[in-house]
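Okay, so here's the structure we're looking at.
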Amino acid sequence: MLEEDSGPSELGTLEFWNAQYSKEVENFSRHGDQGEIWFGEDIVDRVITWMTSNVDTTASIVDIGCGNGHILAELARLDYKKLTGLDYSEPAIKLAKAIAEKDGLEIHYEVSDVLEGLPNKYDVIHDKGTYDAVCLSENKLEARAKYLMSIEKALNDNGYFIVTTCNWTTDEISDHCKNYFELFKTIPTPQFKFGGKIGHVVSICVFKKKK
Ligand SMILES: C[S@@+](CC[C@H](N)C(=O)[O-])C[C@H]1O[C@@H](n2cnc3c(N)ncnc32)[C@H](O)[C@@H]1O
């Protein structure tokens, strides 16, 4: 994607996410519906499968822009112990807490804007769709720079930064990250072929800090 292609969008605003998750809180309390899983369950399975083979259950893991917290809920069911979910949308955190409480899962949730820095340091920082949203905000270049600085500060040496994006290819996001991180692994995702070229709808990248 060209830089100029990704103009601001409502997905880059707190108002949009508050309205979205307020509806989901209502649906959860009325019908028990846990809400949207961005990019679908197949992508979640791929991330979780990679984590279970590469990340110890004692690792501290944060999901930034956690939404309803489904990734953390899955990890809690697999016996991961130190789980934190952050989102700048209060209704998102309300929903995630309500789901965890209903399912008896121990996950710490907190309202927090990733652009303001993360509250702790972690072994794993996970993001599915949040960097995409940040890149759709009004001051996207400044927001992108703040986001990457927050991640760099909060990631323990030897930790993993796992990011799933539908806006950027692996090469593009690796280029954004190049001052702080190097690509460690791409988790395979379904491919499509168009005009003789092979592409991916969604990329899942695992980065490590640059030495
Ligand atoms: C596309 S949704 C993805 C939600 C969740 N990660 C998932 O996979 O279902 C993007 C999420 O990022 C959150 N978000 C956007 N900008 C943020 C920021 N600056 N700090 C924290 N959360 C943010 C939104 O509130 C929303 O929950």
Heavy atoms, side chains only, cut-off 4.5 Å: are [X] and [Y] in contact?
{"X": "Arg46", "Y": "Pro190", "value": "yes"}
{"X": "Ile173", "Y": "Asp175", "value": "no"}
{"X": "Val134", "Y": "Lys140", "value": "no"}
{"X": "Leu14", "Y": "Ser89", "value": "yes"}
{"X": "Ser60", "Y": "Asn120", "value": "no"}
{"X": "Tyr147", "Y": "Asp127", "value": "yes"}
{"X": "Tyr122", "Y": "Ile61", "value": "no"}
{"X": "Thr165", "Y": "Phe39", "value": "no"}

Heavy atoms only: give me the nearest [X]-[Y] pair and the separation to one decimal.
{"X": "Cys66", "Y": "Leu72", "answer": "CB-CD1, 4.4 Å"}
{"X": "Thr52", "Y": "Thr49", "answer": "OG1-O, 2.9 Å"}
{"X": "Lys121", "Y": "Leu155", "answer": "CE-O, 4.0 Å"}
{"X": "Asn68", "Y": "Tyr21", "answer": "N-CE2, 4.1 Å"}
{"X": "Tyr88", "Y": "Thr13", "answer": "OH-C, 3.4 Å"}
{"X": "Ser22", "Y": "Pro91", "answer": "OG-CG, 3.5 Å"}

Next on the checklist: List the residues meeting side chain to side chain donor-acceptor pair (under 3.5 Å) with Thr189, not counting sequence neighbours, and say none if there are none.
Outcome noted: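 For Thr189 the side chain to side chain donor-acceptor pair (under 3.5 Å) partners, ignoring immediate neighbours, are His200.
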
Output the distance between atom [atom1] ([X]) and atom [atom2] ([Y]), rounded to the nearest 0.5 Å.
{"X": "Met51", "Y": "Glu74", "atom1": "CE", "atom2": "CD", "result": "11.5 Å"}
{"X": "Arg77", "Y": "Asp103", "atom1": "CZ", "atom2": "CG", "result": "5.0 Å"}
{"X": "Ile204", "Y": "Thr164", "atom1": "CD1", "atom2": "OG1", "result": "4.5 Å"}
{"X": "Ile37", "Y": "Glu41", "atom1": "CD1", "atom2": "CD", "result": "4.5 Å"}
{"X": "Phe207", "Y": "Cys177", "atom1": "CZ", "atom2": "SG", "result": "4.0 Å"}
{"X": "Lys82", "Y": "His108", "atom1": "NZ", "atom2": "NE2", "result": "14.5 Å"}

Checklist entry - Charged N to carboxylate O under 4.0 angstrom, Glu142 versus Lys146? => result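 Judged by the 4.0 Å cut-off on N to carboxylate O distance, Glu142 and Lys146 do form a salt bridge.
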
Next on the checklist: Looking at Lys208 and Asp157, is any side-chain nitrogen of the basic one under 4.0 Å from a carboxylate oxygen of the acidic one?
Outcome noted: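 Judged by the 4.0 Å cut-off on N to carboxylate O distance, Asp157 and Lys208 do not form a salt bridge.
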
Next on the checklist: side-chain contact (heavy atoms from CB on, under 4.5 Å), that's the test. Do Val114 and Asp87 meet it? Break it down for me.
Outcome noted: CA-CA 8 Å; Val114 63; Asp87 203 294; over 6 Å; no

Checklist entry - If we ignore angles and hydrogens, is there a donor and acceptor under 3.5 Å between the side chains of Asp56 and Thr58? => result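 Note: Asp56 and Thr58 side chains meet the donor-acceptor criterion.
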
Next on the checklist: Checking side-chain polar atoms at under 3.5 Å, does Lys128 have a donor or acceptor matched by the opposite partner on His70?
Outcome noted: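 Yes, side-chain donor-acceptor contact under 3.5 Å.
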
Next on the checklist: Check whether Lys209 reaches the backbone of Tyr180 with its side chain - one donor and one acceptor, N or O, closer than 3.5 Å.
Outcome noted: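 Such a contact is absent between Lys209 side chain and Tyr180 backbone.
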
Checklist entry - Counting only N and O atoms by type, is there a donor-acceptor contact under 3.5 Å from the side chain of Thr186 to the main-chain atoms of Pro188? => result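 Pair absent, no side-chain N/O of Thr186 close to backbone of Pro188.
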
Taking everything shown except [X] itself, do over 12 heavy atoms lie less than 6.0 Å from its [atom1]?
{"X": "Glu182", "atom1": "CD", "answer": "yes"}
{"X": "Glu36", "atom1": "CD", "answer": "yes"}
{"X": "Glu110", "atom1": "CD", "answer": "yes"}

Item to check | Verdict with reasoning, Leu86 to Thr84, per side-chain contact (heavy atoms from CB on, under 4.5 Å) | outcome: CA-CA 7 Å; Leu86 306 174; Thr84 300; 3.8 Å; yes

Item to check | Test: Lys97 cationic atom under 6.0 Å from Tyr109 six-membered ring centre, within 45° of axis | outcome: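 That pair does not qualify as a cation-pi contact.
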
Checklist entry - Yes or no on side chain to side chain donor-acceptor pair (under 3.5 Å) for Asp79 and Thr57, after CA distance, side-chain angles and deciding distance? => result CA-CA 6 Å; Asp79 219 25; Thr57 50; 5.7 Å; no

Checklist entry - When Leu83 is tested against each of Val62, Ile107, Asp63 for side-chain contact (heavy atoms from CB on, under 4.5 Å), which residue passes? => result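 Filter result, single survivor: Ile107.
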
Item to check | Option among Leu118, Ile162, Asn156 that satisfies the side-chain contact (heavy atoms from CB on, under 4.5 Å) test with Ile125 | outcome: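 When Leu118, Ile162, Asn156 are each tested with Ile125, the side-chain contact (heavy atoms from CB on, under 4.5 Å) holds only for Leu118.
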
Next on the checklist: Tell me whether the rings of Phe161 and Phe181 are parallel (<30°), tilted (30 to 60°) or perpendicular (>60°).
Outcome noted: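 Ring orientation, 0 to 90° scale: tilted.
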
Item to check | Parallel, tilted or perpendicular: rings of Tyr131 and Trp168 (30°, 60°) | outcome: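 Answer is tilted, since the angle falls between 30° and 60°.
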
Next on the checklist: Run the side-chain contact (heavy atoms from CB on, under 4.5 Å) test on Lys102 and Phe28 for me, step by step, so that the C-alpha distance in whole Å, both residues' side-chain angles and the decisive distance to 0.1 Å come before the verdict.
Outcome noted: CA-CA 11 Å; Lys102 176 171 169 268; Phe28 181 67; 3.7 Å; yes

Checklist entry - Are Glu26 and Lys23 close enough, and set up right, to give a salt bridge (Lys or Arg N to Asp or Glu O under 4.0 Å), and what steps lead you there? => result CA-CA 5 Å; Glu26 179 86 7; Lys23 270 188 241 149; over 6 Å; no

